[in-house]
Engineer: 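Pasting a structure below so you can have a look.
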Amino acid sequence: MSYTQLKRVDLIFDTEATTKDILQTAWSKTNEQIVNELLESGLKGRGGAGFPTAMKWKFTSEQPEKERFVICNADEGEPGTFKDREILFKVPQKVFGGMAVCAKVIGATQGFVYLRGEYRFLLKELQKQLDDFHGILKDLGINFSISIVMGSGAYICGEESALFESMEGKRGEPRNKPPYPTIAGFRSKPTVINNVETLVYAFMITKHGAKKFKDLGTADSRGSKVFSISGDTPKAGIYELELGMTVEQFVEEFGDGDTKAVQVGGASGFCVPRKKFKDTIIGFEGVPTGGSMMLFNSSRSMYNVLHNYLEFFEEESCGQCTPCRVGCQQLMKGIEAVKKGKKHAAYLEQLMKLSQTMKITAKCGLGQSVANSFSSIVENFKEEMIY
Amino acid sequence: MAKNINLKIDGITVSVPEGTTILEAARQLNIQIPTLCYHEDLCIAGNCRVCVVELKGARTLPASCAMPAAEGMDVLTNTLKVRTARKHIIELLLSEHNAQCTTCYKNGKCELQNLASEYKISNGETFIDLVPSKNYQIDAYSPSIIKDDSKCIRCQRCVRTCEELQHVSALGVAYKGDKMKISTFFENPMFEVVCTNCGQCVNRCPTGALIERNYIDQVWDAIYDENTHVVVQTAPAVRVALGEDLGVDTGEIVTGKMVTALKRLGFNSVLDTDFTADLTIIEEGNELLTRLKRALVDKDPNVRLPMATSCSPGWIKFIEHTYPEYLDNLSTCKSPQQMFGALAKTYYAQKRNIDPAKIVSVSIMPCTAKKFEADRPEMRSSGFKDVDFVLTTRELAVMIKQAGLDFAKLPESDYDSIMGQSTGAAVIFGATGGVMEAALRTAYEVVTGREVPFDGLNITAVRGMDGVREAAITIDGTKPEWNFLEGVTLKTVVAHGLVNAKKVMDSVRDGKADYHFIEIMACPGGCLGGGGQPVPTNKEIREKRAKAIYQEDTGKSIRKSHENPEVVGIYAEFLKEPLGHKSHELLHTHYKARQRY
């Protein structure tokens with residue numbers, strides 16, 4: 001197999017410039033300059049939803065309420081995603097740096113890292129790195145500090161408003177939106193909440209300017225992205241790749257020669273079958289991803305794959321809204337019943353309609369996406385669901 | 001001044017103040033959008049999703065209860081997409097719900113059942129019944145409230161009620177995903193947690209998941225038992241709400257019809273809790289004056305002021321759990337229900353020459369906590385269980401229907417005697433501020449020999465629906481024996497809803513208030529908004545009931561408790577004097593601290 005048509009990028013893990021240097025560069029710029037560079041770069045949120053980062057920062061900075069917060073969402077819970085863990089392990093200071101730049105722009109003095117409960121093993125080193133970082137801020141005379149808050153293991157707390165609730169000591173349940181976090185986030189104050197990776201890109205864009213980032217990728221999906229690659233692949237791991245590739249290109253490089261499907265975006269993402277590899281772009285114009293890429297070869301039962309995802313969601317739905325709480329149970333019990341012949345295969349059509357309702361009526365972004373894997377797997381691998 | 005927002009709903013243009021939700025805007029246009037988790041008294045949850053609407057240009061269907069109207073919005077409430085989604089949501093809820101409607105206590109009064117009927121969830125293949133896999137529990141240990149998780153739709157109205165209106169938080173959400181449920185501290189039975197039995201959750205539960213424990217059959221049994229003498233007492237607030245469950249307009253007073261109905265049901269004697277409400281005023285008023293004397297004249301350091309009312313059993317359990325150090329501030333008076341119960345099997349039995357062992361004492365209350373109160377060990381001073389069965393207003397309505405009575409067309413009758421006569425001061429016990437007003441009418445007159453200096457005896461400062469209302473009255477021209485009160489400004493405060501009780505008690509605890517007398521009712525609006533009253537409840541309904549109560553007061557020939565002839569009579573013949581030996585034995589009690597967990 002030819003070695004790579006895919007362009008490797010090294011923005012995230014590059015440690016050429018010191019945190020202090022980049023912070024000094026940032027502080028030599030006006031807030032407007034920083035926001036404009038971010039806007040120009042086209043950086044979109046790397047958690048999956050893809051909201052333009054510059055706009056988040058700008059909206060928050062324009063709020064009349066002066067107490068504002070910046071929060072790093074490190075509750076990396078999507079099945080198949082493990083890139084934030086690597087970023088926090090290897091370049092934590094760049095994450096903190098991104099938060100500091102954001103704090104400068106929005107006028108915050110307090111930031112938080114909400115760390116996934118299962119990542120407690122990172123805490124000790126992270127805290128040490130944070131102490132060093134606070135030292136740098138002190139040297140530079142920057143009034144900003146960060147606290148690390150531990151999550152408790154609920155997937156839903158990766159949803160930003162549920163994360164705020166969790167931080168406030170309440171049950172982690174998504175809030176109604178609007179209001180959005182830029183207006184009323186943590187403690188109902190204007191809040192920027194960004195994914196770990198987004199903050200590092202923002203930091204690096206502040207260092208390099210917009211061009212280096214903007215030159216990568218496509219019109220809708222600028223720059224590069226860190227992928228967590230797993231499943232039936234000889235090269236499982238973390239890769240930073242330029243955006244804009246098709247699934248076919250991706251599979252050529254990472255597949256084992258027998259790839260039947262790729263689950264893009266984790267359990268809440270979409271399943272792309274072999275026949276669609278060629279026409280599917282990985283990015284906001286095609287299938288977006290928070291980084292999770294799971295490859296399945298022909299030895300895998302897609303029924304089992306789907307059942308596994310649904311089992312996950314049945315348990316990890318927060319349970320407050322009807323479509324997500326009951327919908328997940330019905331989808332799972334439904335495919336079981338079809339498989340066992342207790343329900344006619346036509347029942348899958350009814351479940352497909354239900355999955356459409358779940359996508360448009362659930363309260364939060366998670367609830368709206370739990371049915372993605374169901375609809376894309378059932379649509380493309382129907383026979384595996386029945387026989 | 002809020003600016004106005006212009007939007008279109010189903011093609012009709014409407015202008016609403018900023019902050020109005022789509023649901024509210026639609027209601028202005030008389031467009032009905034179904035709701036389940038929404039309740040006017042509570043904050044917006046947006047979790048049932050049955051109120052979704054289509055918003056042009058949006059990918060998703062927002063919940064209209066949670067979505068503020070925005071300029072230029074184009075909302076559609078009745079598209080195929082909306083209809084399909086709502087139907088799905090109702091079907092999903094039903095699949096998790098024990099839908100044995102025919103044997104459900106809420107059959108015919110269930111919001112989910114109504115929606116299922118409206119959306120005709122009947123044809124085609126239904127979703128898989130999830131109930132068998134759920135291991136649902138019924139908590140039927142409380143004398144007041146039964147919680148059946150199999151009927152629960154997780155709308156969290158009860159959770160919000162318990163937290164926002166009552167600051168009790170006995171109910172909360174536990175677990176997540178498919179196991180998510182409404183539960184209590186450590187999943188203990190309601191009977192063993194901080195629950196005050198107020199029943200506000202019962203009033204707001206859309207299904208049969210939270211209901212009152214009903215004693216309808218036991219009461220029928222007693223009525224049909226020829227060896228018993230069944231007396232019934234009716235609380236002040238019942239007469240302004242009972243009609244709502246029986247086809248009479250909200251806010252209509254149905255006292256006379258209710259008395260007729262009770263007689264036709266077969267109660268041997270139909271009496272009035274209002275009688276003991278008047279008696280409470282005499283006892284409690286004297287208790288307050290005694291405490292004031294001990295504080296002002298005797299300088300007794302042990303006297304506890306402010307004194308707080310003790311009529312509301314929800315409030316009693318709340319203070320036992322939450323402010324046990326203030327239990328001695330409670331008036332030692334029992335509630336009117338329990339005073340009545342104690343007297344029914346003593347004074348009444350003697351006067352009517354009936355063996356008290358054969359008396360079954362039933363009360364009709366706007367309240368679920370009264371069921372718990374009647375079961376308290378403190379409430380057996382007649383030598384028997386003073387009140388045998390407590391029925392809510394709703395249960396009485398059920399009995400009236402069961403008996404085949406056309407309530408709206410019943411003639412009116414008067415209460416029986418003895419213990420059936422009352423005053424306007426007693427009937428206002430049913431509204432927040434009423435006990436205060438009644439007490440002031442009597443206490444002021446006892447002290448000065450003159451009527452309270454308010455137009456038509458109406459002390460409007462203590463009326464209304466504000467959560468906490470303070471009022472002060474300066475006493476002058478006292479009679480010689482009360483001259484220590486000359487020029488004293490009596491400071492009072494009235495609170496309803498336990499969230500407001502907390503505000504008052506915190507300010508007392510923090511030394512920020514120097515009240516003499518506190519009236520607290522556990523339920524919003526007072527007893528008229530009680531947990532045993534007809535469903536639904538909202539501010540408008542409570543205001544109508546309050547209006548009716550004050551109307552009943554104005555219409556009474558006697559409006560001051562101390563002028564109730566039967567009250568005068570019972571002191572002459574039986575009790576001898578307020579706070580006397582007999583009173584202490586039968587009419588007063590003490591409560592004990594309970595732990596919060």
Side-chain angles (χ1 to χ4, degrees), chain A residues 152-157 162 170-179 310-338 342-344 346-347 349-351 353-365 367-368 370, chain B residues 21 36-37 43-55 58-63 65-68 70 81-97 124-130 132-134 153-156 159 172-182:
Chain A
S152 302
Y155 171 77
I156 189 59
C157 290
K170 300 181 215 149
R171 183 180 159 83
E173 282 185 345
R175 299 173 180 169
N176 287 304
K177 291 178 195 171
L310 291 174
E311 228 172 15
F312 176 78
F313 287 129
E314 187 193 43
E315 185 178 329
E316 291 296 343
S317 162
C318 79
Q320 70 162 322
C321 88
T322 314
C324 180
R325 179 188 70 249
V326 198
C328 289
Q329 297 173 61
Q330 286 296 348
L331 294 183
M332 191 175 99
K333 295 241 170 10
I335 63 164
E336 284 173 357
V338 170
K342 288 182 181 167
K343 286 265 190 194
H344 196 272
Y347 186 59
E349 290 311 311
Q350 195 175 328
L351 293 180
K353 285 184 193 152
L354 172 63
S355 73
Q356 288 311 310
T357 292
M358 292 167 68
K359 287 180 193 183
I360 57 173
T361 60
K363 182 169 176 177
C364 75
Q368 289 161 15
V370 289
Chain B
T21 62
L36 280 171
C37 68
C43 81
I44 298 296
N47 61 29
C48 78
R49 314 307 284 177
V50 82
C51 71
V52 289
V53 292
E54 197 169 333
L55 186 57
R59 182 184 63 84
T60 57
L61 305 182
C65 71
M67 180 59 79
K81 210 167 161 185
V82 168
R83 189 150 290 280
T84 307
R86 285 188 193 156
K87 208 166 167 175
H88 269 145
I89 288 161
I90 297 164
E91 283 180 78
L92 288 175
L93 287 171
L94 286 170
S95 76
E96 247 190 350
H97 178 82
E125 182 143 35
T126 54
F127 291 126
I128 293 167
D129 182 8
L130 301 169
S133 63
K134 290 283 186 182
I153 59 166
R154 284 83 161 164
C155 67
Q156 301 188 36
V159 175
V173 180
Y175 305 105
K176 60 181 167 42
D178 59 324
K179 297 188 179 56
M180 182 269 208
K181 63 187 277 195
I182 308 306

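In what follows, every chain begins at residue 1, and chains take the letters A, B, ... in the order their sequences are listed.
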Engineer: Quick check on Val173(B) against chain A: is it the side chain, the backbone, both or neither that has a heavy atom closer than 4.5 Å?
Structural biologist: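 Contact with chain A is through both the backbone and side chain of Val173(B).
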Engineer: Taking Met67(B), Arg154(B), Lys181(B) one by one, which has the highest count of heavy-atom pairs under 4.5 Å against chain A?
Structural biologist: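 When all of Met67(B), Arg154(B), Lys181(B) are compared, Arg154(B) has the most.
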Engineer: Using a cut-off of under 4.5 Å on heavy-atom pairs, state which of Met358(A), Glu173(A), Lys363(A) scores highest against chain B.
Structural biologist: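 Top count of heavy-atom pairs under 4.5 Å with chain B: Lys363(A).
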Engineer: Select, from Cys318(A), Pro174(A), Pro179(A), Cys324(A), the one with the greatest count of heavy-atom pairs under 4.5 Å involving chain B.
Structural biologist: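 Top count of heavy-atom pairs under 4.5 Å with chain B: Cys318(A).
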Engineer: Heavy-atom pairs under 4.5 Å with chain B - which of Glu314(A), Gln330(A), Gln329(A) has more of them than the others?
Structural biologist: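 When all of Glu314(A), Gln330(A), Gln329(A) are compared, Gln330(A) has the most.
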Engineer: Against chain B, label Ala346(A) side chain, backbone, both or neither, depending on which of its atoms sit under 4.5 Å from a heavy atom there.
Structural biologist: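 Neither part, no heavy atoms under 4.5 Å.
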Engineer: With a sphere of 6.0 Å drawn around CD of Glu315(A), does it hold more than 12 non-hydrogen atoms of other residues, nucleotides or ligands?
Structural biologist: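 No.
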Engineer: Given that the side chain runs from C-beta out, which part of Ala45(B) has a heavy atom under 4.5 Å from chain A: side chain, backbone, both or neither?
Structural biologist: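 Backbone only.
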Engineer: Can you tell me which portion of Ile156(A) sits under 4.5 Å from chain B's heavy atoms? Options are side chain, backbone, both or neither.
Structural biologist: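 Neither part.
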Engineer: With heavy-atom distances below 4.5 Å as the criterion, would you say the side chains of Thr21(B) and Cys65(B) are in contact?
Structural biologist: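 With C-beta onward as the side chain, the pair stays apart.
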Engineer: Kindly indicate, with the supporting measurements, whether the criterion side-chain contact (heavy atoms from CB on, under 4.5 Å) is fulfilled by Ser95(B) and Val326(A).
Structural biologist: CA-CA 8 Å; Ser95(B) 76; Val326(A) 198; 3.4 Å; yes
Engineer: With a 4.5 Å limit on heavy-atom distance, are the side chains of Cys37(B) and Ile44(B) in contact?
Structural biologist: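 Contact flag for Cys37(B)/Ile44(B) side chains = no.
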Engineer: Before giving the answer on side-chain contact (heavy atoms from CB on, under 4.5 Å), spell out for Ile128(B) and Tyr347(A) the whole-Å C-alpha distance, their side-chain angles and the decisive distance to 0.1 Å.
Structural biologist: CA-CA 11 Å; Ile128(B) 293 167; Tyr347(A) 186 59; 3.9 Å; yes
Engineer: Can you find a side-chain donor-acceptor pair between Glu91(B) and Thr126(B) that sits under 3.5 Å?
Structural biologist: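 Thr126(B) and Glu91(B) do not have a side-chain donor-acceptor pair below 3.5 Å.
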Engineer: So which of Arg175(A), Arg325(A), Gln320(A), Lys359(A) has the biggest tally of heavy-atom pairs under 4.5 Å with chain B?
Structural biologist: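 Option with the greatest count: Arg325(A).
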Engineer: Look at Lys179(B), Gln156(B), Met180(B), Lys176(B) and state which one has the largest set of heavy-atom pairs under 4.5 Å with chain A.
Structural biologist: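 Result: the option with the highest number of such pairs is Lys176(B).
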Engineer: Please tell me whether Arg59(B) and Gln368(A) have a donor and an acceptor in their side chains that are separated by less than 3.5 angstrom.
Structural biologist: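 A pair is found: one side chain offers a donor N or O, the other an acceptor, under 3.5 Å apart.
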Engineer: Can you say whether Ala174(B) sits under 4.5 Å from chain A via the side chain, the backbone, both, or neither, judging by heavy atoms?
Structural biologist: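 Contact with chain A: backbone only.
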Engineer: Establish, from distance only, whether the side-chain atoms of Gln356(A) and Lys81(B) form a donor-acceptor pair under 3.5 Å.
Structural biologist: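 No, no side-chain donor-acceptor contact under 3.5 Å.
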Engineer: Determine the option with the most heavy-atom pairs under 4.5 angstrom with chain B, choosing from Lys333(A), Lys353(A), Gln350(A).
Structural biologist: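 That would be Gln350(A).
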Engineer: Given a strict heavy-atom distance threshold of 4.5 Å, which part of Ala85(B) is in contact with chain A: side chain, backbone, both, or neither?
Structural biologist: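 For Ala85(B), the contact with chain A is made by backbone and side chain together.
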Engineer: Quick one, Leu36(B) and Leu93(B) - any side-chain contact, counting heavy atoms below 4.5 Å?
Structural biologist: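 They are in side-chain contact.
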